[in-house]
There are 2 protein chains.
Amino acid sequence: MADSVSESTRQTLDRLYDDSEERLTSLFELTPDDGEIETTRAVFKALSNEHRIRVLEALREGELCACELQAILDAPQSTVGSHLRELKDAGLVKTRRQGKWTYYRIGDTAVLQLLDIAVALGRETE
Amino acid sequence: MADSVSESTRQTLDRLYDDSEERLTSLFELTPDDGEIETTRAVFKALSNEHRIRVLEALREGELCACELQAILDAPQSTVGSHLRELKDAGLVKTRRQGKWTYYRIGDTAVLQLLDIAVALGRETE
DNA sequence: CAAACGATTCGATATATAACGATATGGAAT
DNA sequence: ATTCCATATCGTTATATATCGAATCGTTTG
């Protein structure tokens with residue numbers, strides 16, 4: 001584990017700490033396992049697109065069918081479709097099929113919490 | 001505004017609603033303005049990378065210098081540097097310079113809230 | 001003030017993501 | 001069954017992001 005660190009990094013730590021080995025070990029304890037990082041990244045990745053954010057914002061009020069979302073995004077059907085699929089794959093929306101129509105809704109209210117916090121954070125960063 | 005909608009989308013809405021024009025107008029009210037969407041997107045984009053998530057997780061406990069973060073990521077200095085710059089540009093971390101070292105810390109606890117919610121959301125989606 | 005060293009930026013290449021026309025799928029109505 | 005329609009998927013091309021060696025910048029320290 002600790003011996004996977006590059007030479008230059010190790011040298012820096014050696015200079016910085018009396019017991020660099022111990023420090024390295026405690027540093028590595030700060031990092032979550034790969035699986036958790038990856039699932040977290042997938043959530044943020046799905047949220048990091050203008051069209052997908054617009055869809056989720058629109059779904060705050062309740063479910064909408066794909067064609068309504070298409071009107072909101074004002075983009076070609078294939079483009080909208082692939083974004084909806086991505087949101088669904090990420091678990092951020094759920095679908096309900098009624099006849100020819102597919103209705104989309106927010107999959108978990110935690111999604112709205114994420115949006116709220118990010119909006120506030122973005123505003124203060126501006 | 002409403003006349004920017006493509007022909008096929010309009011036709012679909014025409015079939016779907018008696019007053020498609022009114023429906024279109026109310027749909028457009030669901031979408032936030034471009035500026036807000038963009039700042040929100042910027043926050044999520046900065047968060048949608050394995051290395052950057054690892055950095056933020058590591059900073060939960062308190063500030064760390066760039067070289068320690070380099071040890072945690074175990075990546076070349078230039079790679080780590082560009083991720084740190086991106087986090088700083090997005091306002092997610094703040095820096096403090098002491099002598100030769102630059103110390104990084106979480107810029108706003110809202111960042112940790114975002115991470116917590118996304119981790120939980122990712123876990124249940126898996 | 002010059003050497004040393006960590007941090008930052010630059011530039012080229014590799015990889016990932018987005019867009020969207022064309023086509024397929026599946027339900028409903030005639 | 002055939003046709004129509006909403007949605008989903010595929011495949012290609014365009015755009016964006018990540019990586020990392022090399023060069024540069026800013027401080028500290030001798």
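In the text below, chain A, chain B and the rest are named by the order of the sequence lines, each starting its count at 1.
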**Request:** Answer with base, sugar-phosphate or nothing: what part of the nucleic acid does B/Gln98 contact at a heavy-atom distance below 4.0 Å?
**Result:** nothing

Given [options], identify the nucleotide with an atom nearest to the side chain of [X].
{"X": "A/Pro76", "options": "C/dA7, D/dC20, C/dG21", "value": "C/dG21"}
{"X": "A/Lys100", "options": "D/dT7, C/dA18, C/dA28", "value": "C/dA28"}
{"X": "A/Glu86", "options": "C/dA18, D/dT27, D/dA18", "value": "C/dA18"}
{"X": "B/Arg41", "options": "D/dT7, D/dG21, D/dT17", "value": "D/dT17"}
{"X": "A/Ala66", "options": "C/dC20, D/dT7, D/dC5", "value": "D/dT7"}
{"X": "A/Ser78", "options": "C/dA22, C/dA7, D/dT7", "value": "C/dA22"}
{"X": "A/His51", "options": "D/dA18, D/dT7, C/dA19", "value": "C/dA19"}
{"X": "A/Tyr104", "options": "C/dA7, D/dC20, D/dA8", "value": "D/dA8"}

**Request:** Considering only NZ, NE, NH1 and NH2 on the basic side and carboxylate oxygens on the acidic side, decide whether A/Asp116 and A/Arg60 come within less than 4.0 Å.
**Result:**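 Looking at A/Asp116 and A/Arg60, the cut-off is met.
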
**Item:** SB check A/Asp34 B/Arg54 (cutoff 4.0 Å)
**Value:** yes

[N] phosphate, OP1 or OP2, under 4.0 Å from [X] side-chain N/O:
{"X": "A/Arg97", "N": "D/dA8", "result": "no"}
{"X": "A/Asn49", "N": "C/dT17", "result": "no"}
{"X": "A/Thr79", "N": "C/dC20", "result": "yes"}

In whole Å, what is the span from the [atom1] atom of [X] to the [atom2] atom of [N]?
{"X": "A/Arg54", "N": "C/dA18", "atom1": "CZ", "atom2": "P", "value": "16 Å"}
{"X": "B/Arg85", "N": "C/dC10", "atom1": "CZ", "atom2": "C1'", "value": "11 Å"}
{"X": "A/Trp101", "N": "C/dA29", "atom1": "CH2", "atom2": "P", "value": "8 Å"}

**Prompt:** Is a donor-acceptor contact shorter than 3.5 angstrom present between the side chain of A/Gln77 and the base of D/dA6?
**Reply:**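 By the distance-only test, no, there is no pair.
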
**Item:** A/Arg52 vs A/Gly99, nearer the 5' end of DNA chain C by closest nucleotide
**Value:**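 Checking each residue's closest nucleotide, the 5'-ward one belongs to A/Arg52.
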
**Prompt:** Hey, does the side chain of A/Arg41 reach the backbone of B/Glu50 with a donor-acceptor pair shorter than 3.5 angstrom?
**Reply:**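 Between the backbone of B/Glu50 and the side chain of A/Arg41 there is no qualifying donor-acceptor contact (under 3.5 Å).
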
